[in-house]
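Accompanying notes for the structure given below.
We count ligands from 1, going down the list as the structure has it; atoms in each ligand are counted the same way.
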Amino acid sequence: MRTISVLGATGSIGTSTLDLVRRHRDEWRVAALTAHGNARELARLAREFGAEVAVVGDEACLPDLREALSGSGIEAAGGAQALVEAAARGADVTVAAIVGCAGLAPTMAAIEQGGTIALANKEALVSAGEVMTAAVAKHGATLLPVDSEHNAIFQCLHGQDMADVRWITLTASGGPFRDASRAEIEAATPSQAVAHPNWSMGAKISVDSATMMNKGLEFIEAFHLFPVGLDRLRIIVHPQSVVHSMVEYRDGSTLAQLGPSDMRVPIASALAWPRRMDTPCEPLDLAKIGTLTFRAPDEELFPATRVARECAQAGGAAPAVLNAANEVAVAAFLAGKIGFTRIVPQCEDVLARGIPPVPATLEDVIAADAEARRRATERLERA
Ligand code: NDP
């Protein structure tokens, strides 16, 4: 039996993870489950899985959580520090599935315990970059990518020599506006933007998919996970989301990982690694799918990948600033405060106002993130 903690248990990735755990109950003991404000659902999950501790990030929701857990014997806690403490209890596997840079400090606390981190929370790695990868090395932790593209690349690299890699190609669905006109994109509403054609995901990543910022963040994520150099990373649009990414080797062989558009596949790959486990996902029916297509990204219409690549090239705190500015802009778009096509220019405006010094510690990253958020919010208020 192995222990598992799920940070962001009530979200899309958290729910898919617990669905797998539910199907293999005799193999897992649940340590910590966390959420932000959804105390009722968190308590329900904590009771179902017999968790040791349940934590809400929003301390104001702690009374609700306590009430919902009363008589269960499950510990309840609330607040940002409580999230870190729950992650610091350690587990054989910690699934990092909080959305946004809010997940960074708990993920780092889990890394410091030296276990296996199944990382969905790409914003944490994008923001902390070398600070996180150095912590993984220092504490002997194992970082397994859950993001479907990175999980695919991880599988394609298994047993290979990094020096033989010619290209790593991240596939992108292109999001809901991949075939839309400029006028349609300019008029895009939040409900259109979150209606992803292939994947069912949380609101923030769905908007990121629509702007292609998700692929930009994934480009930076890949840069840290697979150190082949920026000039060997590229992006291709693949509307069917069947090929989850590819690695081309110097002899001309390309290895690709294919699978259904169901996050339980990469999550299962991380949970069972280096073995395999059953999932309830439909087998891939390639005859039914029939055609797989690929095309180059349109960076005129979707500039986010260009902006992210420039941030990766700039290095230091630039990716943290981009991520923070994007989080603020996406929240403003979802709240109806800015139009869809303002999201990426808003990030560029914040980046143009200066990049803090290269972060050396977690505190530096958190400070760069906070300053970028302050600037992004100020910029929005002025606009
Ligand atoms: P969701 O919005 O569905 O879930 C987010 C989870 O994080 C919820 O449990 C939420 O709690 C919690 N949370 C939100 N804000 C905070 C906060 N400030 N402090 C602590 N906890 C918080 O997101 P997803 O599951 O879609 O995405 C999670 C991560 O996984 C993201 O980084 C995303 O990029 C990545 N990812 C997601 C994929 C997907 O298919 N969904 C695919 C690949 C990567 P509550 O419910 O209480 O609000």
*asked:* Aromatic contact between W273 and F154, with the criterion being ring centroids under 6.0 Å apart: yes or no?
replied: yes
for atom 29 (C) of ligand 1, nearest protein heavy atom and its distance come out as I98 O, 3.7 Å
Quick look: K204 vs ligand 1, heavy-atom contacts under 4.0 Å, and the answer is neither
With heavy atoms and a 4.0 Å threshold, my read on which part of A9 contacts ligand 1 is backbone
Note: T10, heavy atoms under 4.0 Å from ligand 1, region reported as both
Among non-hydrogen protein atoms, atom 6 (C) of ligand 1 lies closest to A97 O, 3.7 Å
Residue, atom and distance of the protein heavy atom nearest atom 4 (O) of ligand 1 read G11 CA, 3.1 Å
Under 4.0 Å between heavy atoms, the region of M263 that gets near ligand 1 turns out to be side chain
Open item on the list: Working note: E381 + K337, criterion salt bridge (charged side-chain N to carboxylate O under 4.0 Å, His left out); need CA distance, chi angles, decisive distance, verdict.
Closed with: CA-CA 10 Å; E381 280 163 6; K337 292 183 186 158; over 6 Å; no
protein heavy-atom neighbour closest to atom 17 (C) of ligand 1 works out as H36 ND1, 3.3 Å
among protein heavy atoms, the one nearest atom 34 (O) of ligand 1 is K122 CE, 3.2 Å
Checking heavy atoms under 4.0 Å, the part of A102 that sits near ligand 1 is side chain
Quick one: does G37 get a heavy atom under 4.0 Å from ligand 1?
yes
the protein heavy atom lying closest to atom 32 (O) of ligand 1 turns out to be E123 OE1, 2.6 Å
The protein heavy atom nearest to atom 44 (C) of ligand 1 is D147 OD1, 3.3 Å
So, is G202 polar-close to ligand 1, with some N/O to N/O distance under 3.5 Å? yes
Tell me whether the rings of H238 and F294 are parallel (<30°), tilted (30 to 60°) or perpendicular (>60°). parallel
Ranked by distance from atom 5 (C) of ligand 1, the top protein heavy atom is V99 CG1, 3.7 Å
Atom 20 (C) of ligand 1: of L83, I13, T34, the nearest heavy atom sits on L83
Given side-chain contact (heavy atoms from CB on, under 4.5 Å), test M263 with M201 step by step and report yes or no. CA-CA 9 Å; M263 285 306 293; M201 309 184 285; 5.8 Å; no
